[in-house]
Amino acid sequence: MLNLKFIQDNPELVIDKLKRKNFDASEIVSTIIDLYAQKNKLQGQADQAKAEMNKISKDIGLLFREGKQEEANAAKARTSELKENIKQFDVDFADIEAKVNDLLVQLPNLPHDSVPQGKGEEDNEVITSVGEIPTLHEKALPHWELAQKYNLIDFELGVKLTGAGFPVYRGKGAQLQRALINFFLAEAAKAGYEEVQPPLVVNEDSGFGTGQLPDKEGMMYHITAENLYLIPTAEVPVTNIYRDVILDAKDLPYKNTAYSACFRREAGSYGKDVRGLNRLHQFDKVEVVQIAHPDKSYEVLNEMVKHVTGLVEKLGLPYRILRLCGGDISFTSALTYDFEVYSAAQKKWLEVSSVSNFESFQANRLKLRFREDGVKKPQLAHTLNGSALALPRIVAALLENNQTPEGIKIPDVLVPYTGFEIID
RNA sequence: GGAGAGGUGCAGGAGUGGCUUAACUGGCACGCCUGGAAAGCGUGUGUACCGCGAAACGGUACCGGGGGUUCGAAUCCCCCUCUCUCCGCCA
């Protein structure tokens, strides 16, 4: 959520910057500014009326104590009109405030200056592309066939138990999952992230805090009986650890990592993009989150990009890094780098990580602030997060790229975690 | 699931309608005292919004959330929510 004062002070800037997200904010911004002025005027009137009321009430109390019944009753008579006015002010005020909030949550975050213009994924900017694209032998298989051939993942069984998009990993397939999770967590620990194990289910406040609600309500599974949501990413519970807190500037940045299962409804997805592990309703991911000082948040973003780069390099996967264009970047993000690995049998790039700086957009909703030493007024912190990494597409690429006639070779770095070197 | 007790400031904790400007204790900050410190003494100690260019200052709101009664609510009434204790069930 953008800051109301900031919008009021910089309406042109807001409108101009949001153009790069292909969002026409002119109407919303001018309405907000208009309503804001009305709100302030009303608040002035209401506050004055309340101040008067408080004064009279206090006087009545004093008069009663002194036994001056008649004067007290006379004073009482004067309050009824005031009371009516206050009631009306409060109703109008609440109404305007609700309208302002409604509009405010509709505005996306302002993109960073480096975000390229563009409509969709075809306009994303490729920053780097590293690693050789492997040439596979003629009988090379896509990962869903390899998974079946080596009995690693049973998609059909998942359909029986739950439905499409909920695969059952088994044998070395299941062990590979566990190995990757442990590898990613160990790497995050080395990079100074504190591991947390958050709940996989969150309440409405948490969903709102990170921006899944109300904008992307359809992405989450909703437990209506308790009004709770299955997390679409560990970003939600982990970032919400810092909801409604005031931190010390000297303690920044806070660094957390978490493994979690992630649940996404992915309503409307279909076709070959969802084949195999490409898109699931439940998948595993290790997430990294940082709470940073506003002056440092882009340094932190680079540090996180570097961390994720290390992971894909150690796994020996060909990868590229994209800077998302205005049309593809998320509602809440100011700058996002996507990591894609090459899946050699499918012959396409698969997104495995998204590393973003949300600046103060989430923090404003979360009321996540920090205080500079000796400064009275707290200010909003910056929040960042990134996948490090999401498993399914990594598994897809590993299976496809590392297949040989003898079996699937496990990258050296993973062997201590899997306990085996080859799947055959 | 059943019964009961609770939610007050940075923390503990008092407060059953107006001398509450939320007592008191502790923590923390600053000052006095000291060669320096401790002790002691004194002062201060939240958040949001509004007014002002900013600060100082002033106003309003906030005692889990929402609504109600009243001239006046932390206090009385209603609804919701969360926590704790006991019982039941249970990995």
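Each chain gets a letter, A, B and so on, in the order its sequence line appears, and its residues count up from 1.
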Asker: For B:rA91, what is the paired nucleotide under Watson-Crick or G-U wobble rules, both distances under 3.5 Å?
Answerer: none
Asker: For nucleotides 45-63 of chain B, just jot down a letter per nucleotide in 5' to 3' order: B, S or -, based on protein non-hydrogen atoms under 4.0 Å.
Answerer: -SSSBSS-------BSS--
Asker: If you look at every heavy atom in A:Arg170 and A:Asp154, which pair is closest and at what distance?
Answerer: NH1-OD2, 3.9 Å
Asker: In the structure shown, which nucleotide is the Watson-Crick or G-U wobble counterpart of B:rA61, with both distances under 3.5 Å?
Answerer: B:rU47
Asker: Rounded to whole angstrom, note down the P distance from B:rU45 over to B:rC87.
Answerer: 47 Å
Asker: To the nearest angstrom, how far is A:Leu82 atom CG from B:rC71 atom C1'?
Answerer: 10 Å
Asker: Base, sugar-phosphate, or nothing for A:Ile60, non-hydrogen atoms under 4.0 angstrom?
Answerer: base
Asker: For atom C1', what is the distance between B:rU69 and B:rG13, given to the nearest Å?
Answerer: 30 Å
Asker: Anything under 30° is parallel, anything over 60° is perpendicular, the rest tilted; go ahead and classify A:His281 against A:Tyr221.
Answerer: perpendicular
Asker: What string of B, S and - do you get for nucleotides 64-70 of chain B, 5' to 3', if B is base contact, S is sugar-phosphate-only contact and - is no contact with any protein heavy atom under 4.0 Å?
Answerer: -------
Asker: Can you tell me, in whole Å, how much space there is between the C1' of B:rA14 and that of B:rG7?
Answerer: 15 Å
Asker: Taking B:rG46 as the reference, what is the distance to B:rC52 when you measure between their P atoms (whole Å, please)?
Answerer: 24 Å
Asker: Tell me which nucleotide, if any, is Watson-Crick or G-U wobble paired with B:rA74 when both distances must be under 3.5 Å.
Answerer: none
Asker: Using purine N1 to pyrimidine N3 plus N6-O4 or O6-N4 for Watson-Crick, or N1-O2 and O6-N3 for G-U wobble, each under 3.5 Å, what pairs with B:rU81?
Answerer: B:rG7
Asker: Between A:Tyr319 and A:Phe339, what is the ring plane arrangement, given parallel below 30°, perpendicular above 60°, and tilted in between?
Answerer: parallel
Asker: Closer than 4.0 angstrom, basic N to acidic O: yes or no for A:Glu52 and A:Lys55?
Answerer: no
Asker: Take atom CG of A:Asn85 and atom P of B:rC71, then tell me their distance rounded to the nearest Å.
Answerer: 16 Å
Asker: Using every non-hydrogen atom in the two residues, find where A:Glu97 and A:Lys39 come nearest and quote the distance to one decimal.
Answerer: OE2-NZ, 4.3 Å
Asker: Would you mind reading off the distance between A:Lys58 atom NZ and B:rG17 atom P, rounded to a whole angstrom?
Answerer: 19 Å
Asker: Flag this pair as yes if the NZ/CZ of A:Lys172 is under 6.0 angstrom from the six-membered ring centre of A:Tyr150 and inside a 45 degree cone about the axis; otherwise no.
Answerer: no
Asker: Just do the salt bridge (charged side-chain N to carboxylate O under 4.0 Å, His left out) check on A:Asp412 and A:Lys314 with the steps written out, would you?
Answerer: CA-CA 9 Å; A:Asp412 292 344; A:Lys314 282 174 188 173; over 6 Å; no
Asker: Name all pairs fulfilling the salt bridge (charged side-chain N to carboxylate O under 4.0 Å, His left out) condition that reach into residues 322-336 of chain A, sequence neighbours left out, sorted by first residue then second.
Answerer: A:Glu125-A:Arg323
Asker: What is the pairing partner of B:rG42, taking Watson-Crick or G-U wobble pairs with both distances under 3.5 Å in any strand?
Answerer: B:rC30
Asker: Could you tell me which nucleotide pairs with B:rC24 by Watson-Crick or G-U wobble geometry, both distances under 3.5 Å, or answer none if nothing does?
Answerer: B:rG12
Asker: Kindly check if the number of other-residue, nucleotide or ligand heavy atoms within 6.0 Å of CD (A:Glu421) is above 12?
Answerer: no
Asker: Can you tell me how far CG of A:Asp9 sits from CG of A:Leu4, rounded to the nearest 0.5 angstrom?
Answerer: 9.5 Å
Asker: Looking at B:rA54, which nucleotide sits across from it as a Watson-Crick or G-U wobble partner, both distances under 3.5 angstrom, or is there none?
Answerer: none
